[in-house]
Amino acid sequence: MYAADADAVLETLAAVSGEPVGVRFSMPQERLELGAVGDVLVVAGDEEALAPYRDTSATLVVDGLDECLARLRKAGARIVQDVQDVPTGRNLTAVLPGGAQIEYVEWDDAQWDRVGGRPE
């Protein structure tokens, strides 16, 4: 979800859900603050900073970004942002046939440690 104030949204989501803020980091070059409560990722910044990201309707964590990229290409997806390093690992953004824009993220070991480890 997109917001102007990460602190306010994350605090409220945590209070309502009963779950803690599981991850929190900045992307200063993009002027963004990010955080997650449960499965909800909050991307916060001013309207100008958020504009390039607003078309993305979901962020999915995947086990293998390279395999994901190959499957996306085979399915006819348009790659909007190719694989790049991000504070949590690597990501890419694609528009699926039908128009949904999705960000796919492969977390690095440090990110998995921050959220309590990989699921079994």
Side-chain angles (χ1 to χ4, degrees):
M1 85 175 41
Y2 301 101
D5 184 338
D7 293 329
V9 171
L10 291 168
E11 182 179 308
T12 303
L13 285 173
V16 170
S17 69
E19 294 188 45
V21 176
V23 63
R24 180 77 192 266
F25 62 93
S26 297
M27 294 178 68
Q29 66 278 18
E30 280 90 14
R31 299 185 341 265
L32 297 173
E33 295 288 324
L34 289 85
V37 174
D39 291 333
V40 179
L41 176 67
V42 176
V43 181
D46 62 31
E47 285 304 314
E48 183 181 357
L50 290 172
Y53 302 94
R54 285 219 181 259
D55 288 339
T56 299
S57 58
T59 297
L60 303 176
V61 177
V62 298
D63 289 331
L65 197 61
D66 296 325
E67 181 180 343
C68 179
L69 177 59
R71 289 180 179 184
L72 286 165
R73 287 187 170 141
K74 184 175 182 179
R78 180 172 54 89
I79 307 305
V80 176
Q81 173 63 58
D82 209 346
V83 176
Q84 64 179 350
D85 292 333
V86 294
T88 57
R90 302 184 314 146
N91 78 342
L92 68 84
T93 303
V95 176
L96 306 180
Q101 183 166 302
I102 310 279
E103 175 192 23
Y104 297 88
V105 181
E106 177 185 84
W107 283 352
D108 59 21
D109 290 338
Q111 177 60 25
W112 280 113
D113 289 345
R114 284 191 288 273
V115 298
R118 290 179 187 270
E120 297 295 321

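In this text the structure is predicted, and so the values were computed from the model without any measurement.
Pairing each heavy atom of A75 with each of P97, the nearest pair is O-CG, 3.3 Å. The nearest pair of heavy atoms linking A94 to I79 is CB-CD1, 3.9 Å. Nearest heavy-atom pair, V37 versus S17, reported as atom, atom and distance to 0.1 Å: CG1-OG, 3.5 Å. Looking at every heavy atom in both residues, G45 comes nearest to L50 through O-CD1, 3.3 Å. The shortest non-hydrogen separation linking P87 to S26 is CG-O, 4.2 Å.
The cluster map of Ile, Leu, Val, Met, Phe, Trp and Tyr, joined by side-chain heavy atoms under 4.5 Å apart, puts V21 and W107 in different clusters. Follow the hydrophobic side-chain contacts under 4.5 Å out from V16 and you never reach V40; the two are in separate clusters. Cluster membership for V23 and V42, using ILVMFWY side-chain heavy atoms within less than 4.5 angstrom, is not shared.
Taking the side chain as every heavy atom from C-beta outward, T93 and D82 never approach each other to under 4.5 Å. Side-chain contact between V61 and W112: present, with at least one pair of heavy atoms (C-beta onward) separated by less than 4.5 Å. Two residues are said to be in side-chain contact when any heavy atoms from C-beta on lie closer than 4.5 Å; Y104 and L72 meet this criterion. Residues L96 and I102 form a side-chain contact, since some pair of their non-hydrogen atoms from C-beta on lies under 4.5 Å apart.
Around CD of E19, the count of heavy atoms belonging to other residues, nucleotides or ligands within 6.0 Å exceeds 12.
A side-chain donor from one of N91 and Q84 sits under 3.5 Å from a side-chain acceptor of the other. Between the side chains of Q111 and T88, not a single donor N or O lies within less than 3.5 Å of an accepting N or O.
Partners of D7 by side-chain hydrogen bond (donor to acceptor under 3.5 Å, both in side chains), not counting sequence neighbours, listed by chain and number: R24.
In this structure, T56 contributes its side chain and E103 its backbone to no donor-acceptor pair below 3.5 Å.
Taking Ile, Leu, Val, Met, Phe, Trp and Tyr as hydrophobic and joining them when side-chain heavy atoms fall under 4.5 Å apart, one finds V95 in a cluster with V80.
L34 CG to F25 CZ: the interatomic distance, rounded to the nearest 0.5 Å, is 4.5 Å. Atoms CZ and CZ, on R71 and R73 in that order, are 15.0 Å from each other to the nearest 0.5 Å. Distance check: L92 CG to E106 CD gives 10.0 Å after rounding to the nearest 0.5 Å.
Within the structure, side chain to side chain donor-acceptor pair (under 3.5 Å) pairs that include any residue of residues 40-53 comprise R31-D46, E47-R54 (at least two apart or interchain).
When V105, D108, L65 are each tested for a side chain to side chain contact (heavy atoms under 4.5 Å, CB included) with R90, only one passes: L65.
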Evaluate V43 against M1 for side chain to side chain contact (heavy atoms under 4.5 Å, CB included), listing each step before the verdict. CA-CA 6 Å; V43 181; M1 85 175 41; over 6 Å; no
